[in-house]
Amino acid sequence: MARNVYRLLVTSTALISASACTLDSFGGPNDTMQFESAFSSAPAGMEAASSSYAADGEGAWGGPRRGRGPGGPGMGSFMGGGLGDDFTGNAGFGRGAHRGPFAAKIDDGCTVAGGDVTCTRNVHGLTATTIYTIRDANNGTQTRIDTATTNSVRTRTTVTGTTTRGRDGANVTATVNNVSDRTVTGLAQGATQRTVNGTSAGSESTTGTNRDGQQFTAVRVSHDTTAGLIVPVSTTTPTYPTAGKVVRRMKITTTMTGGTPTVRERREEITYTGSATAKVSITQDGTTKTCTMALPRGRPNCG
């Protein structure tokens with residue numbers, strides 16, 4: 001009798017343990033829906049625009065997914081795929097328009113009209129059109145980049161169209177509308193520093209199913225502003241910004257089929273102080289952290 005009771009207890013314990021393992025596994029009730037994962041990348045097509053986002057062509061967001069933890073970049077990384085190399089001192093070095101931070105490069109096959117150079121290309125099924133206004137140090141118009149005399153380039157880009165994503169278990173279709181406008185001065189061969197000002201705005205409207213097979217719709221919008229950014233130019237080592245400010249914002253509104261909209265917002269502000277440490281402020285869903293970033297090639301430190 002005692003032996004039978006012992007066997008019953010062992011069997012019951014095993015079943016309870018197995019059940020607990022099942023409940024704790026992916027997709028179980030201990031998992032949470034990770035809406036913040038939308039902050040990990042930029043809207044589709046932003047890699048073709050001029051922005052501070054280190055967009056890598058990942059494409060449209062695949063929707064929220066179940067898993068432990070908050071998801072997304074958290075307070076130890078930047079959103080939108082990270083902060084672009086030119087903003088962290090991880091770009092190349094050298095003088096002239098084709099080299100160094102915020103170097104200017106124009107694709108072949110462009111057209112010239114009214115003093116501007118217009119280039120159109122396909123980016124993962126999206127249409128990207130960029131208009132370049134190129135000037136020398138005397139503000140004279142140029143129709144191509146001259147590595148010795150080109151001093152400023154204004155780059156205006158639009159990225160529009162519809163794209164799909166069918167990987168990582170997600171199956172979505174997104175309508176994209178991105179714009180950017182950036183001006184870089186100090187590109188001439190003899191310049192010792194470059195000044196950067198610009199804005200960008202991205203919009204991605206998505207519908208489809210996430211990797212859990214759940215239907216959803218989402219609208220992801222991004223904005224960033226680069227104001228008075230100054231980057232010294234060197235012929236021997238990469239350089240990082242010494243002045244100026246970058247403000248980045250992103251908002252995601254997600255609706256699961258049969259549910260109510262869920263909104264997530266994040267704002268990042270990077271201020272360059274002239275030292276090897278930039279000031280960083282990160283606000284996500286109303287919670288603000290004051291952080292720093294070591295230069296070059298640092299990450300947010302909010303400890």
Side-chain angles (χ1 to χ4, degrees), residues 32-67 69-75 77-84 123-128 157-181 198-226 246-257 259-269 282-287:
T32 57
M33 191 69 80
Q34 295 181 347
F35 294 94
E36 291 81 358
S37 61
F39 292 128
S40 295
S41 61
M46 281 301 292
E47 69 273 17
S50 299
S51 77
S52 65
Y53 300 110
D56 58 3
E58 182 178 339
W61 181 44
R65 58 182 184 269
R66 291 193 178 278
M75 294 295 176
S77 298
F78 290 107
M79 65 181 171
L83 191 60
V123 181
H124 305 298
L126 303 172
T127 300
T157 300
T158 60
V159 185
T160 58
T162 301
T163 187
T164 59
R165 173 174 176 155
R167 58 186 175 84
D168 302 333
N171 188 358
V172 303
T173 300
T175 301
V176 174
N177 188 359
N178 305 332
V179 297
S180 67
D181 187 343
T199 61
S200 79
S203 174
E204 175 191 280
S205 299
T206 304
T207 183
T209 56
N210 64 6
R211 71 179 188 183
D212 302 320
Q214 298 170 302
Q215 292 186 333
F216 75 97
T217 60
V219 177
R220 181 165 62 157
V221 294
S222 67
H223 300 271
D224 86 322
T225 301
T226 301
V246 177
V247 178
R248 300 143 53 89
R249 293 175 289 130
M250 196 177 294
K251 179 179 179 180
I252 302 98
T253 303
T254 310
T255 305
M256 308 302 295
T257 297
T260 57
T262 298
V263 179
R264 294 288 187 270
E265 296 185 72
R266 183 176 171 108
R267 182 184 188 274
E268 299 170 349
E269 182 176 309
I282 301 176
T283 301
Q284 183 165 320
D285 299 324
T287 299

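Positions are given from 1 along the sequence. Atoms considered below: every heavy atom in the structure, side chains included; atoms not considered: hydrogens, waters and symmetry mates. The shown structure was predicted, so the numbers you read here are calculated from the model rather than taken from an experiment.
Counting only heavy atoms from C-beta outward, the side chains of S200 and N178 never approach each other to under 4.5 Å. Proximity of N177 to T175: side-chain heavy atoms (C-beta onward) are nowhere separated by under 4.5 Å. With a 4.5 Å cut-off on side-chain heavy atoms, L83 and Y53 do not count as touching. Between E36 and Q284 there is a side-chain heavy-atom pair separated by less than 4.5 Å. In this structure, the side chains of S40 and P73 come closer than 4.5 Å at one or more pairs of heavy atoms. Side-chain contact between T162 and T173 is present, with heavy atoms from C-beta onward closer than 4.5 Å.
The closest donor-acceptor contact from the side chain of S180 to the backbone of S50 lies under 3.5 Å. With hydrogens and angles ignored, the 3.5 Å screen pairs a side-chain donor or acceptor of R165 with a backbone N or O of A60. S205 places no side-chain N or O within donor-acceptor distance of the main-chain N or O of A218, the cut-off being under 3.5 Å.
Closest approach of V159 to A48, counting heavy atoms only: CG2-CB, 4.0 Å. A44 and V176 get closest at one heavy-atom pair: O-CG1, 3.2 Å. Smallest separation of non-hydrogen atoms from G80 and R248: N-NH2, 4.5 Å. When all heavy atoms of T206 and A174 are compared, the pair lying nearest together is OG1-CB, 3.6 Å. In terms of heavy atoms, M256 sits closest to N210 at CE-ND2, 4.0 Å. Between D285 and R264 the shortest heavy-atom distance is OD2-CD, 3.0 Å.
Going from atom OG1 of T262 over to atom CZ of F216 covers 12.5 Å, rounded to the nearest 0.5 Å. The CG atom of L126 sits 8.0 Å away from the CD atom of E47 when rounded to the nearest 0.5 Å. Within the model, atoms CD of Q215 and OG1 of T209 stand 7.0 Å from one another, a figure rounded to the nearest 0.5 Å. Rounded to the nearest 0.5 Å, atoms CG (D224) and CZ (R249) are 9.5 Å apart. A distance of 11.5 Å separates CE in M79 from OG in S41, rounded to the nearest 0.5 Å. A distance of 11.5 Å separates CG of D181 from OG1 of T158, quoted to the nearest 0.5 Å.
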For side chain to side chain contact (heavy atoms under 4.5 Å, CB included), just list the numbers for R220 and M250, CA-CA rounded to whole Å, side-chain angles, deciding distance to a tenth of an Å, and then say yes or no. CA-CA 7 Å; R220 181 165 62 157; M250 196 177 294; 4.1 Å; yes

Set out, in order, the CA-CA distance, both residues' side-chain angles and the distance that settles side chain to side chain contact (heavy atoms under 4.5 Å, CB included) for H223 and T225, then state yes or no. CA-CA 7 Å; H223 300 271; T225 301; over 6 Å; no

Before giving the answer on salt bridge (Lys or Arg N to Asp or Glu O under 4.0 Å), spell out for R267 and E269 the whole-Å C-alpha distance, their side-chain angles and the decisive distance to 0.1 Å. CA-CA 7 Å; R267 182 184 188 274; E269 182 176 309; 3.0 Å; yes

Stepwise side chain to side chain contact (heavy atoms under 4.5 Å, CB included) check, I252 with F39: CA-CA 8 Å; I252 302 98; F39 292 128; 3.0 Å; yes

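Checked against side chain to side chain donor-acceptor pair (under 3.5 Å), T283 has the following partners two or more places apart in sequence or in another chain: T288.
The pair R266-E268 counts as a salt bridge, with a side-chain nitrogen and a carboxylate oxygen less than 4.0 angstrom apart.
Side-chain contact of W61 with S37: a donor-acceptor pair under 3.5 Å is present, judged by distance alone.
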